[in-house]
Every structure is written in structure tokens, then in C-alpha cells.
Amino acid sequence: MDLSVLNDKQKEAVECLSGPLLVVAGAGSGKTRVITYRIANLLAHGIKPYNILAITFTNKAANEMKERVENLLGLGASDCTISTFHSLCNRILHIDIERIGMGKNFNIIDTDDSKSIMRKIIKDLGYDPKKNKERPILSEISKAKNINVGPEEYAAKYAIDDFTRKVSECYNEYEKRKYTANVLDFDDLLVKTAQLFKENPDILDKYQEKYKYILIDEYQDTNDIQFLIVSYLASKYKNICVVGDEDQSIYSFRGANIRNILSFESDFENAKIIKLEQNYRSTQNILNAANRVISNNIGRKEKVLWTENAIGDPVRFEEYKSDKTEADELIRKIKKDKNYSNTAILYRANSQSKSIEEACVYANIPYRLIGGVQFYKRKEVKDMIAYLRVCLNANDDISLLRIINTPSRGIGESSIEKLRTAAISQNCSMFSLLNDASSIGVIKSTASKMKDFYNIILKAKSEVDVKSMLMFFKTKIGYLEDVEIQEGIDARIERESNIDELINKAAEFVSSDTEDAMDSLNNFLNEVSLVADIDELDASDKKLTLMTVHASKGLEFDNVYIVGFSENLFPSAMSLMDGDVGVEEERRLAYVAMTRARKNLHISSAVSKFFQGKSAMYIPSRFVDEAKGDGFECKYAEISNRFYDDVYEEDRPYNKYKFSDQAHSHKSSRSDTYVVNKEVVKAAKADLSKFKSHVTYQKPEKLPYDEGDLVSHIKFGEGKVKSIKDIGKDFEVTIDFKDSGERILLAGFAKLNKI
DNA sequence: CTCCTTTGTCTTTTT
DNA sequence: GACAAAGGAG
């Protein structure tokens with residue numbers, strides 16, 4: 001095995017074949033290379049490919065890694081298991097899930113499905129759906145699952161207040177419904193695998209014997225349940241190599257626990273640690289700027305990346321007047337370079353892609369958008385998949401509900417409700433009642449419509465493979481005709497092309513076929529449920545890439561443009577509400593974004609930007625100040641006046657300083673627009689940094705002023721307190737201001753001083 | 001039961 | 001401003 005292309009540290013990691021090994025690999029330090037060479041080296045030392053398990057963060061990374069190993073060895077590495085945690089668990093469960101009491105043909109539901117289940121649960125449990133949103137409840141449940149806490153344990157240990165008691169109730173019901181429908185959500189794949197290992201030592205032993213050598217990439221982004229699975233697998237032979245960088249941990253919202261990488265040494269005895277600090281990717285200027293930013297995080301292991309690369313062009317920050325100008329100017333620059341396939345535009349949130357997309361369309365630049373409205377989330381694609389799911393798993397009531405009246409076949413809500421309650425009381429699937437629906441109290445004509453639907457599914461199931469099933473659904477059930485009637489011919493054409501694309505993907509699953517239709521259907525559905533957006537990225541076509549910073553993890557480009565680099569966008573307003581912890585994660589995110597660039601890094605922000613129908617004003621991100629230094633150039637927008645709205649919303653304190661510029665002020669008819677000078681902007685900025693205290697605001701027993709007192713406010717000046725109203729978590733104070741008249745403010749935000 | 005209008009919510013990030 | 005859900009009319 002020729003290891004001469006590796007540096008000493010890399011070589012050391014590649015040559016360490018057994019025992020626990022932690023490779024701390026800074027951005028661009030050749031991490032992927034180390035993993036691929038290490039796999040190849042294991043194989044070269046006679047270790048059998050089927051004894052090797054490598055976990056990557058995305059399916060795309062897995063496929064690339066497979067390819068690279070094969071290129072190194074000049075032979076197939078197909079017997080190595082290289083996959084994501086979710087795919088691995090999916091595969092394991094498909095073999096042995098019956099041992100924990102579930103059916104083999106389970107379906108995997110996505111977040112939208114989870115939401116609609118939860119919405120129904122909230123209603124059925126008699127809670128007001130307006131006051132109880134499904135999202136916070138689901139995210140609490142997900143958090144519980146990510147630390148391997150089931151419904152019983154949650155009820156016992158975590159249900160401590162109104163909210164968590166409600167969550168506990170919903171959690172229980174949610175698990176029950178998924179169980180009867182024989183479906184799993186994303187978290188379940190991990191949870192159930194851990195359960196399988198825990199309850200069945202023989203199965204665990206089988207996998208310990210199979211996966212004697214384990215490698216895990218992006219270890220800083222593993223969560224507790226993933227760690228548990230890894231510890232189960234690795235506990236026998238302890239040949240575990242993890243690679244990661246705590247500075248690039250950006251998935252804590254998904255339960256990623258940075259502790260996993262920080263305490264690897266204590267988790268695995270006699271662990272060897274190798275640090276890779278030489279960066280091969282970026283210019284010195286890019287690296288220096290990124291290092292200056294990340295060094296503001298406290299509590300990290302000190303690590304300074306260095307490079308022998310050229311100094312390169314300076315990193316540039318530029319502030320534009322509006323998000324539209326920002327997009328137009330950047331696209332103009334990019335068009336001049338013409339180097340589309342080596343260029344990426346990165347942003348914090350998917351919603352920010354829109355102005356860029358518009359600019360691309362206008363400038364006629366080919367682009368590729370990762371994320372956004374993903375292929376598998378499109379309505380027609382999800383509908384087709386729901387049809388397939390019902391074919392595979394007749395218990396899947398969730399999918400059945402989705403399509404029973406799509407296309408519209410005259411089965412209305414009340415009939416569906418009757419069907420649903422009948423299924424619950426008879427303890428059977430909804431599908432099984434469709435054949436003879438007159439017995440459940442629906443009118444005759446509806447019963448016959450239900451029977452028709454039942455026959456459609458039976459007919460489809462008799463098709464020879466997935467592809468012909470899809471062809472059947474596309475052409476024989478009036479789906480596209482219905483779309484055309486409802487939404488017109490253009491919609492029909494677009495939907496049809498998406499369905500055709502799905503059919504193409506399905507075709508790949510039937511080519512190698514000795515298996516029966518249900519097996520290929522099963523494989524297809526499971527594969528389809530686990531694809532990520534980034535998996536679809538094909539770097540070979542010459543297109544400009546648009547994606548979130550999260551999606552860019554692990555990738556690199558010659559030219560990187562980071563847009564929307566403003567306070568409240570990046571760092572996001574949401575994260576600012578979490579205080580320092582939130583800001584540190586955003587800082588890591590900024591670090592990841594910056595270190596994607598090889599040669600040119602251009603960062604930008606916009607003073608004004610449309611937000612929820614209004615234009616809002618923004619100040620540059622705090623990370624700009626942190627990045628400043630040699631080789632970093634700044635250019636701010638020349639704006640003579642900055643204006644801002646006051647938006648006092650009780651539950652959204654971060655909206656308080658939403659700015660709006662003059663050009664759009666007529667749009668915000670509901671709130672006044674004030675001309676303010678730079679000092680006020682500065683004061684607003686200072687105030688922004690105190691959001692933490694706003695969020696954790698403790699309502700005092702009594703306010704330091706009373707009705708009738710004169711008080712002063714940072715923006716409105718002097719005024720007289722007219723009334724004070726106790727509204728629970730804060731006081732609502734009505735003040736008659738000298739200059740601007742009567743206003744109602746919240747004491748916690750307004751910070752009024754008695755004079 | 002369906003279609004159209006009105007209302008409310010929303011912006012982190014994803015397997 | 002955009003999109004989904006609820007409400008109202010036919």
C-alpha cells in the first residue's frame with residue numbers, strides 16, 4: 001500500500017489498524033482521505049471487507065467513499081458496509097425487527113407525516129389545536145428519543161409541568177398509532193435498533209462479529225442514541241476509529257452531542273488520539289479569517305489550523321443596500337468568472353434562496369438548488385409513494401388517509417371519519433373495511449366508491465413490479481386528469497414530469513430482478529425514504545450551487561459566497577434566544593461556511609430585506625467584526641438614514657428591532673416609521689446584545705414606577721404612565737408620550753426609567 | 001361534498 | 001408575502 005502521499009500524522013492514523021482511535025481533523029485537513037486510505041489499508045492487511053463498517057453523514061458521502069476505496073485498491077469494496085446511521089439501522093431492522101414485535105414491511109414516515117399524525121392526536125385528545133402546535137410537541141418527543149427516553153420513562157421523569165404532561169400524553173398516543181400503522185419515523189430507526197440490540201444479545205453478537213472494524217465520520221455530530229448503538233457494536237472488539245472536529249459541530253438541534261467527541265478518551269479505554277492541523281484546502285487569508293472567528297468560542301480544545309498554501313486574495317465582506325442588490329451584484333460577479341461548477345452560494349436558512357434564484361433566472365445562469373422544496377416532498381411524488389405504501393402495507397392508515405380521496409372521488413371528510421372510528425373500534429386497519437363499507441354506516445353510494453378504491457389497490461398489487469405499479473397509478477386512476485381540472489395544464493405537465501422521474505428511479509430497482517414485486521417495492525420505498533437533498537448533488541454539470549451552510553458540510557468550492565451575513569439572520573434570531581450556547585453553534589456554522597472555500601471567499605449582507613411582507617433592516621453580523629484582521633476587507637453600504645419600526649410582540653422579542661427603510665415604509669401601514677439617527681441604531685444594537693436578559697426576563701413583584709409617574713424611554717423619550725396592567729408573565733404599561741402620543745409597551749422590553 | 005374566500009402563521013438548520 | 005387551514009356558500 002503506497003502511503004507516500006500522506007503526511008506523517010495522516011500516515012499514523014492510517015497505519016493504526018486496531019483499538020480505539022480518535023482523529024481530530026480540522027477543516028480541510030484531509031479527513032476523507034484518511035478514512036478511505038485507512039479502509040484500503042485494513043483490506044490490504046487481509047481484513048475481510050464484510051467485517052468493515054464505515055458510517056458517514058450522508059448517502060452521497062457513503063457512495064463517494066466506496067468509489068474512492070475502489071479506486072485505491074483497483075477492486076470492489078462492495079462488501080464493505082459504508083452507509084449512514086439511518087440506512088444501517090434500516091437495514092438491520094428489516095432483517096430482525098420482528099424480534100421486537102413489529103412487522104417486517106414497515107414504512108418510514110417523514111416529518112410532514114409526523115406532523116399530520118400529531119395534529120390529529122392533539123384534536124382527538126381534546127386539546128385546542130390553536131394553542132397546542134404540533135411542532136414543539138414533536139420536537140420535544142424527538143429530543144426524548146435522541147436520548148433514548150421512551151414514553152413510559154418520559155411520563156415518569158420528564159412530565160413535570162403542563163407542557164411536558166401534554167407531551168407525555170401525545171408521545172404515548174403517537175407511538176401507539178405508529179405501531180398499529182406499522183410505520184417508523186426517522187428517530188425510531190435509531191431507537192428501535194438500540195432496543196433490538198439491548199433485548200437480543202444473540203442479534204447484537206451477530207453484528208459485533210460482523211462489524212469487527214468500525215469507522216465513523218463527522219463524529220462531532222452524533223447524538224446520544226447513535227453513540228449507544230456504536231458502543232453496543234464496538235464493545236466486543238473495540239476497533240473503533242472516529243473522525244471529527246468539535247469546531248464543526250452544527251447539528252445540536254438534532255440532538256448531536258459534542259460531548260461524544262470530547263470524551264472519547266474516557267468512553268473508550270486506551271484510546272489513541274491523532275490531530276490533523278495542516279489544512280490543504282484554503283488560502284492563508286481564508287484560514288486566518290476563519291480561525292479568528294472560531295477562536296471566540298470558549299471551552300473548545302485549542303487548535304490552530306495552518307497551511308502551506310499561498311496567502312491568496314483578501315477575504316471580502318460587503319454590505320449592500322437591499323437583498324435584491326446583494327443578489328444582483330453577486331450574480332454579476334459570478335457571471336463574469338463563469339466558473340459556475342466551482343462556485344457555491346451559501347446561506348443560513350432556505351428562505352434566503354429566493355432572491356438569489358430570481359437573480360439567477362434573470363441573469364440566465366444555470367443553478368442547482370439543494371434543499372428547498374425537495375423532490376420527495378412534492379405533493380404528487382408523496383401521493384404516488386403513499387399509493388405504493390398502501391400496496392405494501394395495508395395497515396398503513398396514514399398513507400391511506402392521504403390518498404383515499406386523491407384524486408377526488410367523492411369520499412368526503414365525514415365518511416372518512418366514520419371509517420376511521422370503525423377501524424379503531426374493530427381494531428383493524430381502515431383498508432380492510434373498504435371492501436364492505438356499508439357495514440360502517442356510510443351511505444350506499446359512498447360505500448361503492450370505497451369499494452372502487454379498494455379494487456384500485458388490489459389491481460395495482462397484481463402488477464409485476466414497482467415500475468408498472470407506478471405506471472398504473474399515473475395513468476389509470478385519473479390522477480393527472482384531476483390535477484389538470486384543478487390547476488390547469490401547466491401544473492399537469494410539471495407533475496407528470498416529476499412522476500416520470502420517480503418512475504425512472506423505480507426502474508433502477510427492477511432491473512436486477514429475480515425477486516418478487518413486493519420485495520422490490522419494499523426496497524424502493526425504504527431507499528426513497530432516506531435520501532437527503534445533498535445526495536442528489538451531481539458536481540459534474542456546470543451549474544452554480546445554492547444551498548444552506550448545513551448542506552455544505554464536507555464539501556469544498558474554489559469560490560464561496562456567504563450571503564445574508566446579518567444579525568438575526570446569521571446568527572439567526574432563534575439561536576440568539578438561546579444565549580451563548582446558541583451563538584457558539586452559529587459561530588461554528590460560520591466557521592464551516594468560511595472553510596468551504598479554496599481560493600475566494602466573499603461574505604455579504606444587506607441593509608434591508610423583505611421579511612414577512614414588510615421590508616426589515618439589518619446590521620452586519622457580529623462575526624464580521626470577529627473576522628476582521630490582515631487580509632480581510634470590509635465595505636459598508638452608504639446609507640444616509642436608517643429607519644426602524646418598533647414591533648413589540650410578546651412572544652417574539654427578537655422582532656423588536658426590525659428595521660424598515662424609507663423606500664418601503666409605505667408598505668408597513670400598520671406601524672409608524674421613525675427617522676432615527678446613528679446613535680439610536682447604535683443603542684438598538686447594544687440593546688440587541690442584551691436579548692438574553694429579555695428572554696430570561698423575570699417579572700418583578702412591582703414595577704419601579706407607578707400610575708401617574710413620568711418615565712423615559714430610549715426611543716420615545718419622556719411620557720406619563722397612564723395605566724399598568726398585570727398580564728401574567730409581564731406588565732402591560734400604557735404611556736402617554738410627549739412626542740408620539742399614547743402607546744402600550746411591555747415593561748420587560750421597554751425598560752422605562754422613572755424621572 | 002366541493003369550491004372559493006378568509007384567516008392565521010411563519011423563518012433556523014435535517015436524517 | 002406565501003402558504004396552509006378553517007369557514008362559508010352553493
Hey, does the side chain of A:Asn350 come within less than 4.0 Å of B:dT11's phosphate (OP1/OP2), counting only N and O?
no
Say whether A:Glu218 and A:Gln220, considering side chains only, have a donor N or O and an acceptor N or O under 3.5 Å apart.
yes
Any carboxylate oxygen within less than 4.0 angstrom of a Lys/Arg side-chain nitrogen, looking at A:Arg300 and A:Glu246?
no
Between atom CG of A:Asp187 and atom OG1 of A:Thr111, what is the distance when rounded to the nearest 0.5 Å?
10.5 Å
Here the distance between atom C1' of C:dG1 and atom CD of A:Gln352, to the nearest Å, is 16 Å
What's A:Tyr251 touching, base or sugar-phosphate or nothing? Going by heavy atoms closer than 4.0 Å.
sugar-phosphate
Please give, in whole Å, the distance from B:dT11 C1' to A:Glu586 CD?
13 Å
Donor-acceptor side-chain pairing of A:Arg420 and A:Ser415 below 3.5 angstrom:
no
For a quick check under 3.5 Å, do A:Asp396 and A:Asn107 share a side-chain donor-acceptor pair by atom type?
yes
Between atom CD in A:Glu585 and atom P in B:dT14, what is the gap in whole Å?
13 Å
Looking at the rings of A:Phe57 and A:Tyr251, which for Trp means the six-membered one, are their centres under 6.0 Å apart?
yes
In whole angstroms, how far is the C1' atom of B:dT14 from the CG atom of A:Leu589?
13 Å
Whole angstroms only, please: what is the CG-C1' distance between A:Asp187 and B:dT15?
8 Å
Map A:Arg348 and A:Asn59 onto DNA chain B by nearest heavy atom, then report which one ends up closer to the 5' terminus.
A:Arg348
Does the Lys NZ or Arg CZ of A:Arg348 fall within the cation-pi geometry relative to A:Phe565 - under 6.0 Å from the ring centre and within 45° of the axis?
no
Residues A:Lys31, A:Asp245: salt bridge by 4.0 Å N-O rule:
no
Assess whether atom CZ of A:Phe163 is packed by more than 12 heavy atoms of other residues, nucleotides or ligands within 6.0 Å.
yes
Exercise answer: donor-acceptor pairs, residues 443-454 of chain A side-chain atoms, under 3.5 Å, sequence neighbours excluded:
unit_1: A:Ser448; atom_1: OG; unit_2: A:Ser445; atom_2: O; d: 3.4
unit_1: A:Lys451; atom_1: NZ; unit_2: A:Asn435; atom_2: OD1; d: 2.7

Separation of A:Leu569 atom CG from B:dT13 atom C1', in whole Å?
14 Å
Give the residues of residues 547-554 of chain A touching DNA chain B, defined as any heavy atom closer than 4.0 Å, sorted by residue number.
A:Thr548, A:His550
At under 4.0 Å between heavy atoms, which parts of nucleotides 1-8 of chain B does protein reach? Answer with one letter per nucleotide, 5' to 3': B base, S sugar-phosphate only, - none.
SSS-----
Is the terminal nitrogen or CZ of A:Arg588 (NZ for Lys, CZ for Arg) located under 6.0 angstrom from the six-membered ring centre of A:Tyr591 and within 45° of that ring's axis?
no
Looking at A:Leu184, A:Asn90, A:Leu196, which one forms a side chain to side chain contact (heavy atoms under 4.5 Å, CB included) with A:Ile97?
A:Leu184
Tell me, which of residues 111-126 of chain A have any heavy atom that sits under 4.0 Å from an atom in DNA chain C?
A:Arg119, A:Lys123
Within 45 degrees of the ring normal and closer than 6.0 Å to the centroid, is that where the cationic atom of A:Lys505 sits relative to A:Phe524?
no
Taking atom P in both B:dT13 and C:dA4, what distance in whole Å separates the two?
16 Å
Identify each atom pair where a protein N or O and an N or O of nucleotides 8-10 of chain C are less than 3.5 Å apart, giving names and distance.
none

A:Glu134 CD to C:dA5 C1': how many Å, rounded?
11 Å
Whether over 12 other heavy atoms sit under 6.0 Å from A:Gln195 CD
yes
So, do A:His550 and A:Phe253 have ring centers that fall under 6.0 Å from each other?
yes
From B:dT11, C:dA2, B:dT13, pick the nucleotide closest to the side chain of A:Lys354?
C:dA2
Once you round it to whole Å, what is the distance between P of B:dT14 and CG of A:Leu189?
19 Å
Count the heavy atoms of every other residue, nucleotide or ligand shown that sit under 6.0 Å from NZ of A:Lys143, and state whether that count exceeds 12.
no
Which residue, A:Ser529 or A:Arg135, contacts DNA chain B at a nucleotide closer to its 5' end, judged by nearest heavy atom?
A:Arg135
Contiguous pairing runs of three or more, Watson-Crick or G-U under 3.5 Å, that involve DNA chain B
B:1-10 with C:1-10
Within a radius of less than 6.0 Å around NZ of A:Lys418, do more than 12 heavy atoms belonging to other residues, nucleotides or ligands occur?
yes
Just compare B:dT13, B:dT11, B:dT15 and give me whichever is closest to any side-chain atom of A:Phe253.
B:dT13
